[in-house]
Amino acid sequence: MVLRLVSLLVVTALGFERAAFDYLARRPGWRVASTGVGPVRAADGLARLVRAERPALIVGTGVCGALDAALRLGDLVLPAEAVTPDGLRAPLALDERLCELARRFADAHGGSAQIGGRIVSVERIASTPADKRELARRSEASAVDQETFAWARVAREAGIPFVAVRVVLDEAGEALASWRPSTWRSALRLPARALRARRTLRAFGREWPCWRS
C-alpha cells in the first residue's frame, strides 16, 4: 500500500453526494471519497481511507433527515455530538471558522445553519414522522443520518479531528419515499429535493477553500 498524505479528507456515503465535491479533489492536499451507506460500510470504508491517506482533518458530509421541526430542506447542520439510539456518544469538532462560514452562507441563501446539538446515526432510515418523533424523544437529537457516528468513532480511534456537515433532505413532518400508497407523493418529489440538497452541498463546499486557506 502506498501511503498518501492529505490535509483534508471529505467523506460521503453516496457517490451522489461525493459528486457535489469533485472539484475539491483537484486541489493539492484534498481528497474526496465515498464509504457506502450505513454504519458498517461507513466504518470499514473510512478505516481503509485513513490507513491509506493519513489525513490531518476529516469532514463527513452529505444529506440528513430533520428531527427538529424548525429545520427545513437545504438547511445546514453542524452538530457537536453524534449519538446512537442505544446511547453511545461521540464528540465532534466544531471549527469556529467553518461555523461562521456556515452562518454567512445560510444568511446569503435564505436558509439557516444549526450549529451544535446532536445528530443520531441509525441502522435503518427513520421513514415516517412518527419514527422521527420517537427518535427525537429517545436521542434528543435534531437530525438523523446513518454514518456520522461510525465515521466519528473511526476518526477518534485514529486520533484525527472530525467535523460533520449535513444538509437537510427531508423535514421532520415528512415521510420518506416508500411503496406505500400514503407516501407515493414523496417518492415523486424525492429526486428534485435530492438535487436541491446536493446543490446546497456543492455551493457551500465551494466556500471551503477560503476556510482552509
Side-chain angles (χ1 to χ4, degrees), residues 10-21 34-39 41-43 45-46 58-85 89-94 98-99 102 105-106 109 111-129 131-153 155 162-177 186 189-205:
V10 178
V11 64
T12 69
L14 295 166
F16 174 83
E17 296 161 319
R18 184 191 66 233
F21 302 98
S34 297
T35 63
V37 176
R41 289 180 179 175
L46 183 55
I58 301 170
V59 179
T61 189
V63 298
C64 68
L67 301 181
D68 183 343
L71 289 171
R72 296 288 181 261
L73 170 65
D75 283 350
L76 297 174
V77 177
L78 283 75
E81 185 177 49
V83 301
T84 66
R89 300 166 65 177
L92 308 175
L94 277 178
L98 181 61
C99 292
F105 177 88
H109 291 79
S112 71
Q114 187 178 88
I115 310 297
R118 288 179 170 177
I119 189 166
V120 58
S121 296
V122 296
E123 292 187 7
R124 297 180 62 185
I125 293 172
S127 59
T128 69
D131 290 339
K132 295 176 186 179
R133 286 193 298 271
E134 174 60 17
L135 192 57
R137 184 191 67 79
R138 290 174 57 194
S139 66
E140 298 182 343
S142 61
V144 56
D145 67 8
Q146 293 185 276
E147 298 82 25
T148 296
F149 178 85
W151 287 336
R153 185 187 61 194
F162 176 83
V163 175
V165 179
R166 290 284 184 169
V167 171
V168 172
L169 174 63
D170 54 291
E171 298 174 9
E174 295 177 323
L176 281 177
S186 68
R189 292 196 303 266
L190 188 59
R193 296 173 69 84
L195 286 170
R196 178 175 169 184
R198 190 175 73 170
R199 284 196 298 270
T200 300
L201 283 171
R202 187 173 183 84
F204 185 45

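Note that the structure is a prediction, hence the values are computed from the model and not measured.
- Between Ala143 and Cys64, the shortest heavy-atom contact is CB-SG, 4.0 Å.
- More than 12 heavy-atom neighbours from other residues, nucleotides or ligands sit within 6.0 angstrom of CZ on Arg72.
- Across Ala102 and Ile115, no two heavy atoms sit closer than the pair CB-CD1, 4.4 Å.
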* Tell me, with the steps shown, if Lys132 and Asp170 meet side chain to side chain contact (heavy atoms under 4.5 Å, CB included). => CA-CA 11 Å; Lys132 295 176 186 179; Asp170 54 291; 2.5 Å; yes

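- No more than 12 heavy-atom neighbours from other residues, nucleotides or ligands sit within 6.0 angstrom of CD1 on Ile125.
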* **Working for side chain to side chain contact (heavy atoms under 4.5 Å, CB included), residues Thr35 and Trp151** => CA-CA 9 Å; Thr35 63; Trp151 287 336; 3.4 Å; yes

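- Closest approach of Phe162 to Gly60, counting heavy atoms only: CE1-N, 3.6 Å.
- Nearest approach of Val167 to Gly74, heavy atoms of both residues: CG1-CA, 3.8 Å.
- Listed for the Arg198 side chain is no donor-acceptor partner under 3.5 Å among the backbone atoms of Val63.
- Here the shortest heavy-atom pairing between Leu71 and Ala66 reads CB-CB, 3.7 Å.
- The two atoms that bring Leu195 and Phe16 nearest to each other are N-CZ, 4.0 Å, heavy atoms only.
- The number of heavy atoms from other shown groups lying within 6.0 Å of CD (Glu140) does not exceed 12.
- Side-chain contact check for Phe149 versus Val83: every heavy-atom pair is 4.5 Å or farther apart.
- Residue Thr128 holds its OG1 atom at 7.5 Å from CZ of Arg133, rounded to the nearest 0.5 Å.
- Checking Thr84, Thr148, Asp145 one by one against Ser121, the side chain to side chain donor-acceptor pair (under 3.5 Å) holds for a single residue, Asp145.
- At distances below 3.5 Å, at least one donor-acceptor pair connects side-chain atoms of Arg118 with backbone N or O atoms of Ser139.
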* To do: Determine, step by step, whether Val165 and Leu98 satisfy the side chain to side chain contact (heavy atoms under 4.5 Å, CB included) criterion, reporting the C-alpha distance in whole Å, the side-chain angles of both residues, the deciding distance to 0.1 Å, and the verdict.
  => CA-CA 10 Å; Val165 179; Leu98 181 61; 3.9 Å; yes

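- The only member of Glu81, Arg166, Glu147, Gln114 that meets side-chain contact (heavy atoms from CB on, under 4.5 Å) when paired with Ile119 is Arg166.
- A donor-acceptor contact shorter than 3.5 Å is absent between the side chain of Thr12 and the backbone of Thr61.
- In Arg202, the CZ atom is crowded: over 12 heavy atoms of neighbouring residues, nucleotides or ligands sit closer than 6.0 Å.
- Considering SG of Cys99 and CG of Leu78, their distance stands at 5.5 Å, rounded to 0.5 Å.
- With contacts defined as side-chain heavy-atom distances shorter than 4.5 Å, the pair Arg193/Glu171 qualifies.
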